Amino acid sequence: MAKGLTKRSVDYSQWYNELVAKADLAENSAVRGCMVIKPYGYAIWEKMQQELDRMFKETGHENAYFPLFIPKSFLSKEADHVEGFAKECAVVTHYRLKNDPDGKGVVVDPEAKLEEELIVRPTSETIIWNTYKNWIQSYRDLPIKCNQWANVVRWEMRTRLFLRTAEFLWQEGHTAHATKQEAIEETQTMIQIYADFAQNFMAVPVVQGVKTANERFAGALDTYTIEALMQDGKALQSGTSHFLGQNFAKAFDVKFATKEGNEDYVWASSWGVSTRLMGALIMAHSDDHGLVLPPKLAPIQVAIVPIYRSEEDLAKITEKVDVVVANLKKRGISVKFDDSDNRKPGWKFAQYELKGVPVRLAVGMRDLENGTVEVARRDTLTKEVVNMDGVDEYVADLLEQIQETIYQKALDFRAEKTTPVETFEEFKSVLEEKGGFILAHWDGTSETEQKIKEETKATIRCIPLEGDKTSGVCVYSGKPSEQRVLFAKAY
RNA sequence: CGGGGUGUAGCGCAGUCCGGUUAGCGCACCUGGUUUGGGACCAGGGGGUCGGGAGUUCGAAUCUCUCCACCCCGACCA
């Protein structure tokens with residue numbers, strides 16, 4: 001048991017907070033609501049970025065960069081968009097400070113007021129569509145498929161490391177298309193990429209679906225989402241992809257000449273995932289001993305701990321371990337040989353467990369005599385002694401197994417915590433006693449959705465794309481329902 | 001932004017009610033030694049604007065006012 005780490009069963013959110021701190025992922029900063037992502041946490045984010053970036057480029061996207069600041073007037077050009085974001089915008093009003101005439105420090109120079117105030121981007125649709133206007137004249141200029149890796153600011157009242165911070169890192173893709181169909185296909189392609197990434201790299205199973213009107217992105221016609229289930233039974237929206245129709249093209253007057261010689265507004269999509277994925281990763285797999293990382297995203301995949309009495313012993317062990325390290329690296333496995341002498345092996349074992357390192361090798365004099373290595377896997381906390389010869393191949397296989405095992409475990413957990421219900425009584429009791437995802441019929445109205453939210457605090461996470469499509473009657477109103485939708489309490 | 005709680009060494013805390021030596025303990029850190037197969041032990045040592053500011057007082061970590069930060073629960077949200 002990790003010293004000082006609160007058990008999940010005692011206080012889940014405290015467990016999360018302590019884990020983020022103790023595993024050296026992130027910490028609160030001097031700026032309210034803003035986090036410092038520490039090197040170990042950032043290394044995981046970099047691994048996510050690398051893979052996503054590769055997937056974006058494989059599907060024909062290019063990276064670009066747009067400004068941090070957005071003129072205030074841009075935001076208000078799309079009515080729903082400004083409505084959605086206005087309440088959480090940071091605003092730049094001045095461009096200069098001066099010495100405080102009354103004494104120490106500096107004050108805002110009232111002489112230096114901006115003619116037009118600037119919004120710190122909460123998202124970049126407006127500045128990008130203002131720019132795209134200049135890039136697009138003809139259907140030959142389309143499609144445009146840009147992505148940017150950036151920070152955004154949404155002035156949240158209550159924040160939690162990774163899950164909701166006032167500033168966060170993300171990528172936002174913004175595409176422009178000649179046809180509605182193509183824009184819809186792009187929107188769907190990207191949500192599929194997010195789902196693939198979540199499942200194959202993060203080992204987090206997700207439900208793909210469409211958001212209801214209430215939960216839709218401000219300015220979108222349709223929002224596709226991937227929803228993941230955390231160990232406390234709450235849902236986490238982990239990625240979204242929006243079909244924007246011609247809303248932003250109309251707001252920013254972006255027209256193009258069609259093949260037929262007509263003029264038409266451009267069709268748009270946008271899509272993003274953020275450092276919130278870190279929260280999903282942490283809460284999906286980790287246990288009371290600490291972080292559990294999927295091998296594909298672990299900054300250190302293998303930690304090697306030497307066990308020795310004398311310097312001579314260490315030298316002998318190091319000689320053997322160097323070969324193992326070289327062989328592992330040849331296979332593209334990231335490995336850390338921890339020969340620091342200021343910690344005992346037991347401390348190191350606990351530390352690498354806390355940090356979620358998938359595989360730990362221990363090598364002592366006993367192993368040198370027997371030609372063996374002790375192999376411990378983080379996900380099951382089991383240990384085996386194997387031959388040192390060929391341990392690199394053994395570890396390579398094991399890493400794949402761990403990736404698969406933790407995905408399967410998360411999938412089983414979700415299956416167990418997904419409950420179809422037929423009545424509102426059942427809905428409430430399942431939500432109360434079991435939590436998790438609830439599949440229920442819904443009459444399709446915002447009123448019913450709102451009522452259910454008020455009475456139970458559960459929201460419609462999405463209308464799933466896959467699964468049971470049979471019709472029924474709404475659990476709340478008794479009116480006809482086309483298919484079951486996914487309810488849960490959410491982060 | 002409402003309700004509750006907490007701010008004392010890098011971390012975790014005691015001391016605050018009832019003001020009074022030099023502000024203390026555990027972990028961490030430094031030095032030396034013994035250790036090393038699941039969070040080692042002994043000895044010595046360093047480290048403090050007691051969250052900030054203002055006030056009361058001969059004297060404030062302690063009392064008063066005020067501001068700030070963080071945590072939990074709500075409302076809001078990726």
Side-chain angles (χ1 to χ4, degrees), chain A residues 1-6 11-14 16-18 21-22 24 27-35 84-89 103-104 122-123 152-172 194 211 214-218 223 225-228 235-242 270-280 289-290 305-311 313-314 317 339-354 360-370 372-374 376 381 383 385 453-454 457 459 461 490-491:
Chain A
M1 190 63 51
K3 269 186 186 168
L5 186 60
T6 299
D11 186 337
Y12 191 83
S13 69
Q14 198 181 338
Y16 175 83
N17 292 337
E18 288 178 4
K22 286 174 190 289
D24 274 333
E27 60 191 32
N28 279 308
S29 71
V31 185
R32 184 198 188 98
C34 295
M35 64 180 160
F85 285 107
K87 286 168 291 185
E88 48 187 21
C89 285
K104 46 196 171 179
T123 180
V152 287
V153 168
R154 296 179 188 177
W155 213 261
E156 300 291 348
M157 290 179 193
R158 221 180 123 193
T159 59
R160 289 192 73 191
L161 292 173
F162 292 123
L163 298 174
R164 178 167 300 105
T165 46
E167 179 193 19
F168 56 94
L169 305 184
W170 77 345
Q171 56 71 215
E172 48 181 324
Y194 289 155
K211 287 288 187 186
N214 283 344
E215 302 276 333
R216 202 177 280 155
F217 175 76
T223 288
T225 179
I226 52 171
E227 298 285 327
L236 184 72
Q237 179 176 307
S238 304
T240 48
S241 181
H242 315 292
S270 70
W271 28 273
V273 292
S274 71
T275 38
R276 180 177 247 203
L277 287 178
M278 293 287 294
H289 294 259
V305 177
I307 296 150
Y308 60 95
R309 289 165 200 275
S310 63
E311 287 298 313
D313 289 354
L314 177 60
I317 291 165
D339 61 352
S340 59
D341 64 353
N342 57 337
R343 297 292 187 190
K344 290 188 62 180
W347 191 91
K348 293 177 184 176
F349 294 170
Q351 190 64 14
Y352 290 117
E353 274 164 18
L354 194 53
R360 184 187 72 235
L361 306 182
V363 183
M365 295 313 286
R366 198 192 303 158
D367 292 302
L368 292 198
E369 283 161 27
N370 301 334
T372 57
V373 178
E374 184 191 82
L381 293 167
K383 291 192 278 201
V385 175
K453 184 179 176 181
E454 281 163 20
K457 285 170 187 146
T459 50
R461 303 319 304 154
Y491 272 97

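Heavy atoms only: backbone and side chains are in, while hydrogens, waters and symmetry mates are out. As the structure is a prediction and not an experimental result, all values here were calculated from the model.
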_Sugar-phosphate, base or nothing in reach of A:Phe217, heavy atoms under 4.0 Å_ = nothing
Across the strands shown, which category fits A:Lys457 at heavy-atom distances under 4.0 angstrom: base, sugar-phosphate, nothing?
sugar-phosphate
**Study point:** Distance between P atoms of B:A60 and B:C13 (Å, rounded)
**Key:** 28 Å
With a 3.5 Å distance limit and no angle check, can you tell me whether A:Tyr194 reaches the backbone of A:Thr225 through a side-chain donor-acceptor pair?
no
Taking a pair to mean Watson-Crick or G-U wobble geometry with both distances below 3.5 Å, B:A60 pairs with none
Partner of B:G7 under the Watson-Crick or G-U wobble criteria, both distances under 3.5 Å, comes out as B:C68
A:Glu156 CD to B:A78 C1', in whole Å, measures 8 Å
| message | Within the 4.0 Å heavy-atom criterion, would you say A:Gly84 contacts the bases, only the backbone, or no part of the nucleic acid? | response | nothing
Of A:Asn17 and A:Thr240, the one whose nearest nucleotide on RNA chain B sits closer to the 5' end is A:Asn17
N/O donor-acceptor pair under 3.5 Å between A:Arg276 side chain and A:Gln237 backbone:
yes
Q) Using the C1' atom in both, what is the distance from B:G15 to B:G32, to the nearest Å? A) 34 Å
Open item on the list: Mind checking if A:Gln14 touches a base, just sugar-phosphate, or nothing, with heavy atoms under 4.0 Å?
Closed with: nothing
TODO: Output yes when at least one side-chain N/O atom of A:Asn342 is less than 4.0 Å from OP1 or OP2 of B:C30, else no.
DONE: no
Between A:Asp11 and A:Met365, the residue closer to the 5' end of RNA chain B by nearest nucleotide is A:Met365
Whole-Å distance, A:Arg158 CZ to B:A69 C1', equals 16 Å
field: Geometric cation-pi criterion, A:Arg360 with A:Phe349: 6.0 Å, 45°
entry: yes
Audit row: A:Leu163, A:Leu236, side chain to side chain contact (heavy atoms under 4.5 Å, CB included) steps and yes/no: CA-CA 9 Å; A:Leu163 298 174; A:Leu236 184 72; 4.1 Å; yes
Here the distance between atom P of B:C71 and atom CD of A:Glu27, to the nearest Å, is 12 Å
Ranking B:G37, B:A78, B:U36 by distance to the side chain of A:Ser274, first place goes to B:A78
Any strand, both distances under 3.5 Å, Watson-Crick or G-U wobble: B:C41 pairs with B:G33
Separation of B:U34 atom P from A:Tyr308 atom OH, nearest Å, is 14 Å
- Message: Regarding A:Thr165, tell me which of base, sugar-phosphate or nothing describes its non-hydrogen contacts under 4.0 Å with the strands shown.
- Response: base
Rounded to whole Å, the CZ-P distance (A:Arg276 to B:A78) equals 8 Å
**Request:** Could you check if a side-chain atom of A:Thr123 sits within less than 4.5 angstrom of a side-chain atom of A:Arg154, using non-hydrogen atoms only?
**Result:** yes
A:Asp367 atom CG is separated from B:G37 atom P, nearest whole Å, by 13 Å
Here the distance between atom C1' of B:A28 and atom CD of A:Gln351, to the nearest Å, is 12 Å
Among the nucleotides B:A78, B:C72, B:G38, whichever has the atom closest to the side chain of A:Ser13 is B:C72
Next on the checklist: Between B:U8 and B:A61, how far apart are the two C1' atoms, rounded to whole Å?
Outcome noted: 7 Å
- Task: Pick the C1' atom in B:C67 and in B:G7, then give their distance to the nearest Å.
- Result: 14 Å
Problem - Interatomic distance at P, B:A43 relative to B:U57, whole Å - result: 48 Å
On a heavy-atom basis, the closest approach of A:Thr6 and A:Glu18 is N-OE1, 2.6 Å
Atom NZ of A:Lys22 and atom C1' of B:G10 are separated, to the nearest Å, by 13 Å
| message | Using the rule given for side chain to side chain contact (heavy atoms under 4.5 Å, CB included), can you reason through A:Tyr308 versus A:Leu368, listing the C-alpha separation, both sets of side-chain angles and the distance that settles it, and then say yes or no? | response | CA-CA 11 Å; A:Tyr308 60 95; A:Leu368 292 198; over 6 Å; no
- prompt: If the C1' atom of B:G45 is compared with that of B:U21, how far apart are they to the nearest Å?
  reply: 24 Å
_Pairwise P distance, B:C72 and B:G26 [rounded to whole Å]_ = 30 Å
Partner of B:A75 under the Watson-Crick or G-U wobble criteria, both distances under 3.5 Å, comes out as none
Quiz item: Considering only heavy atoms and no angle criterion, is a donor-acceptor pair shorter than 3.5 Å present between the side chain of A:Arg309 and the base of B:G37?
Solution: no
As its Watson-Crick or G-U partner within any shown strand, both distances under 3.5 Å, B:G12 has B:C25
(request) Under 4.0 Å between any heavy atoms, over every strand shown, what does A:Leu163 touch: base, sugar-phosphate, or nothing? Just pick one. (result) base
Go through the steps to decide whether A:Thr372 and A:Arg366 satisfy the test side chain to side chain contact (heavy atoms under 4.5 Å, CB included), and finish with yes or no.
CA-CA 8 Å; A:Thr372 57; A:Arg366 198 192 303 158; over 6 Å; no
Counting any heavy atom closer than 4.0 Å, what does A:Arg343 reach on the DNA or RNA strands: base, sugar-phosphate only, or nothing? sugar-phosphate
Task: Distance-only donor-acceptor test (3.5 Å): side chain A:Lys344, base B:G37 - done: no
ask   = B:C11 and B:G48: how far apart are their C1' atoms, nearest whole angstrom?
value = 15 Å
